[in-house]
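Chain identifiers are assigned alphabetically (A, B, ...) following the order of the sequence lines, protein sequences preceding nucleic acid strands; residue numbering begins at 1 within each chain. Because only heavy atoms are used, hydrogens play no part in the values below, and waters and symmetry mates are left out as well, while side chains stay in.
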Amino acid sequence: MTEGEGIRVRFAPSPTGALHIGGARTALYNWLVARHSSGTFVLRIEDTDRERSTKENIEQIYDALRWLELDWDEGPYSQAERVDRHREEIKRLVDEGHAYFDEGAVRLRVPDEGSTTVHDVIRGEIVFEHQAIDDFVIARSDGSPLYNLAAAVDDRDMGITHVIRGADHISNTPRQLMILEALGSKAPVFAHLPLLHGTDGKKLSKRHGAASVQELRDQGYLPAAVRNYLALLGWGFDDSTEYFTTGELIRNFTLERVSKSPAVFDEQKLRWMNGRYLREMDAAELAELLERETGRSGLQPAVEVTQEKMQTTTDFWKLAGWLYERRPTDEKAWSKVMKDGAAENLARAREALANVEPFDQAGVEQALTALVDELDLKPGKLYQPIRVAITGSTVSPGIFESVALLGRDETLSRIDDALARAR
RNA sequence: GGGGGCGUGGUCUAGUGGUUAGGACGCCGGCCUUUCAAGCCGGAGGUCACGGGUUCGAUCCCCGUCGCCCCUACCA
């Protein structure tokens with residue numbers, strides 16, 4: 001916990017579009033390492049590809065990181081704005097004979113013999129024979145620097161001690177190491193995270209659909225739940241713990257426990273976990289959040305009766321929307337429930353509810369249970385027709401609270417409509 | 001083609017030279033119950049990729065094979 005005073009990590013996304021969960025996880029792991037060791041989390045935008053590095057794309061990254069509450073201590077630095085530094089080092093490499101011009105471009109000289117070893121915290125030592133690596137280009141013929149050079153120089157200049165990034169960079173690492181060596185610089189520690197794959201087994205990318213951070217936000221996930229879930233995609237703590245507050249994540253996260261094999265994003269499990277976070281909030285807090293999202297007010301009573309059923313905040317409207325607007329009746333529900341004397345029972349329920357005083361949950365419950373006794377019915381025979389009449393569906397919160405929340409006038413009116421239709 | 005990485009139920013993972021291979025999501029069933037969830041209980045599902053070794057004994061150690069993925073760009 002203390003040896004980390006000097007630890008400096010960076011998240012260095014290239015702004016090619018929305019930040020997807022793979023990038024988000026890389027950011028999270030870097031952030032966790034920094035916070036765990038009281039180190040520094042640097043944000044650097046790798047925008048040397050001018051075509052794709054639009055202002056909007058860059059803004060999306062900030063936006064995603066802010067929503068995830070992954071705050072950076074330094075930056076954001078723009079790699080593009082550092083081209084003078086890159087050019088300086090390219091010139092130096094050429095001047096010192098480490099690199100040479102080839103048809104206008106600059107290539108680094110890679111020795112034919114020997115090897116470069118990557119020391120990876122997660123994977124151990126990885127050896128690359130030089131003969132398998134060509135002299136690679138470090139600057140275009142227009143003089144602009146290429147990724148491997150820019151990344152190596154920036155990591156060095158920014159004092160990065162731990163490079164934590166996706167495993168797709170493993171093969172780039174020996175190249176960056178060779179640049180660093182030619183520059184006479186020390187190598188940072190590397191940690192290559194297992195890639196995230198789509199269900200098709202391929203590296204996760206834009207084309208895998210609902211995988212961007214902003215989509216998760218729009219679908220009603222909580223940042224804390226997303227962080228918890230993402231932490232688990234490629235990292236495990238012990239044989240039974242998987243629910244971690246952010247503080248626990250910071251305390252327990254170590255690179256040594258990161259797994260080596262690729263993982264597949266499973267939205268079902270995220271949904272489950274998000275539901276768990278939702279249920280642990282208190283109703284007032286959740287109501288406030290939903291009021292912010294929907295622009296409505298006074299949602300707490302509705303939240304109290306639906307909270308246990310929600311998995312995402314967007315579920316709220318599906319579950320409670322009938323309280324605020326009449327929903328078209330689900331025909332399957334109607335035909336399933338409105339038979340065998342259901343209309344008569346519903347009519348009796350209407351009578352009973354018309355006289356409930358006060359019209360609250362206890363009053364409704366008393367009236368309805370008394371009626372069930374009187375008619376000698378299975379409770380569902382009475383409650384389901386009411387449910388369908390007022391919500392349009394066989395699925396809703398508890399019937400007593402539902403009726404009480406809807407209020408007498410609206411309840412009776414909806415029952416009347418149902419009765420009219422039933423006859 | 002060359003180089004590199006990875007391989008534990010459908011998915012995420014724990015694990016050790018000797019375990020009934022543990023947990024979670026999902027799935028199925030039960031309880032609860034006014035529906036659906038939640039919660040609790042139970043169940044199905046794994047030849048620990050395959051084949052050889054080493055060993056009294058391998059999921060775990062070694063070698064090979066296969067599969068998947070990444071890099072092999074004047075992309076990042």
**Q** Could you work out which one of rC74(B), rC70(B), rC12(B) sits closest to the side chain of Leu195(A)?
**A**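 The nucleotide sitting nearest to the side chain is rC70(B).
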**Q** Describe the nucleic acid contact of Arg175(A) in one word from base, sugar-phosphate, nothing, applying a heavy-atom distance below 4.0 Å.
**A**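 Sugar-phosphate contact only.
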**Q** Any base atoms under 4.0 Å from Ser259(A), or only sugar-phosphate, or nothing? Heavy atoms, all strands.
**A**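 Sugar-phosphate: the residue Ser259(A), judged by heavy atoms under 4.0 Å, touches backbone atoms but no base.
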**Q** Using a 4.0 Å heavy-atom cut-off across all strands, classify Val127(A) as base, sugar-phosphate, or nothing.
**A**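 Here Val127(A) touches the backbone only, sparing every base.
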**Q** Under 4.0 Å, heavy atoms only, any strand: does Ser141(A) hit a base, just the sugar-phosphate, or nothing?
**A**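 Answer is base: heavy atoms of Ser141(A) come under 4.0 Å of a base.
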**Q** Atom NE2 of His192(A) and atom P of rG4(B): how far apart are they, to the nearest Å?
**A**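 Computing the His192(A):NE2 to rG4(B):P distance gives 15 Å.
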**Q** Between rC12(B) atom C1' and Leu270(A) atom CG, what is the distance in whole Å?
**A**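 Between C1' of rC12(B) and CG of Leu270(A): 12 Å.
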**Q** Return the nucleotide paired to rC74(B): Watson-Crick means purine N1 to pyrimidine N3 with N6-O4 or O6-N4, wobble means G-U with N1-O2 and O6-N3, both under 3.5 Å.
**A**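 Paired with no nucleotide.
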**Q** Quick one: label Gly275(A) by what it contacts on the DNA or RNA (base, sugar-phosphate, nothing), any heavy atom closer than 4.0 Å.
**A**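 It contacts nothing in the nucleic acid.
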**Q** When we call it a touch if two heavy atoms are under 4.0 Å apart, what does Glu103(A) touch: a base, just sugar-phosphate, or nothing?
**A**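 Base, at least one base heavy atom under 4.0 Å.
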**Q** Taking only side-chain N and O atoms of Arg257(A), does any of them lie within less than 4.0 angstrom of OP1 or OP2 on rG15(B)?
**A**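 Checking rG15(B) against Arg257(A), a side-chain N or O does come within under 4.0 Å of OP1 or OP2.
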**Q** Does rA14(B) have a Watson-Crick or wobble mate here (both distances under 3.5 Å), and if so which one?
**A**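 The base-pairing partner of rA14(B), which may sit in any strand shown, does not exist here.
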**Q** Look through every strand shown and name the nucleotide pairing with rA38(B) as Watson-Crick or G-U wobble, where both distances are under 3.5 Å.
**A**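 In the structure as shown, rA38(B) has no Watson-Crick or wobble partner.
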**Q** With heavy atoms under 4.0 Å as the rule, sort Tyr229(A) into base, sugar-phosphate or nothing.
**A**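 No contact.
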**Q** Choose from rC25(B), rC74(B), rG3(B) the nucleotide whose nearest atom is closest to any side-chain atom of Arg107(A).
**A**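 For Arg107(A), the side-chain atoms sit closest to rC74(B).
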**Q** Would you classify Glu46(A) as touching base, sugar-phosphate or nothing, given that sugar-phosphate means primed atoms plus P, OP1 and OP2, and contacts are heavy atoms under 4.0 Å?
**A**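 Counting heavy atoms under 4.0 Å across all strands, the contact made by Glu46(A) is with sugar-phosphate only.
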**Q** Using a 4.0 Å heavy-atom cut-off across all strands, classify Arg165(A) as base, sugar-phosphate, or nothing.
**A**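 Since no nucleic acid heavy atom lies under 4.0 Å of Arg165(A), the category is nothing.
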**Q** What nucleic acid atoms does Thr48(A) come within less than 4.0 Å of, heavy atoms only: base, sugar-phosphate, or nothing?
**A**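 The answer is sugar-phosphate, as Thr48(A) gets under 4.0 Å only of primed atoms, P, OP1 or OP2.
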**Q** Between rG52(B) and rG10(B), how far is it from one C1' atom to the other, in whole Å?
**A**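 30 Å, rounded to whole Å.
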**Q** Select base, sugar-phosphate, or nothing to describe what Pro194(A) touches, counting heavy atoms under 4.0 Å on all strands.
**A**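 No contact.
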**Q** Sticking with atom C1', work out how far rC63(B) lies from rU54(B), rounded to a whole angstrom.
**A**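 Rounded to whole Å, the distance is 11 Å.
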**Q** Base, sugar-phosphate or nothing for Leu233(A)? Non-hydrogen atoms, less than 4.0 Å.
**A**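 Sugar-phosphate: the residue Leu233(A), judged by heavy atoms under 4.0 Å, touches backbone atoms but no base.
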**Q** How many whole angstroms separate atom CH2 of Trp272(A) from atom C1' of rU11(B)?
**A**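 After rounding, the gap between these two atoms is 14 Å.
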**Q** Just checking Phe265(A) against Tyr229(A), ring centres under 6.0 Å apart?
**A**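 Phe265(A) vs Tyr229(A): aromatic centres under 6.0 Å.
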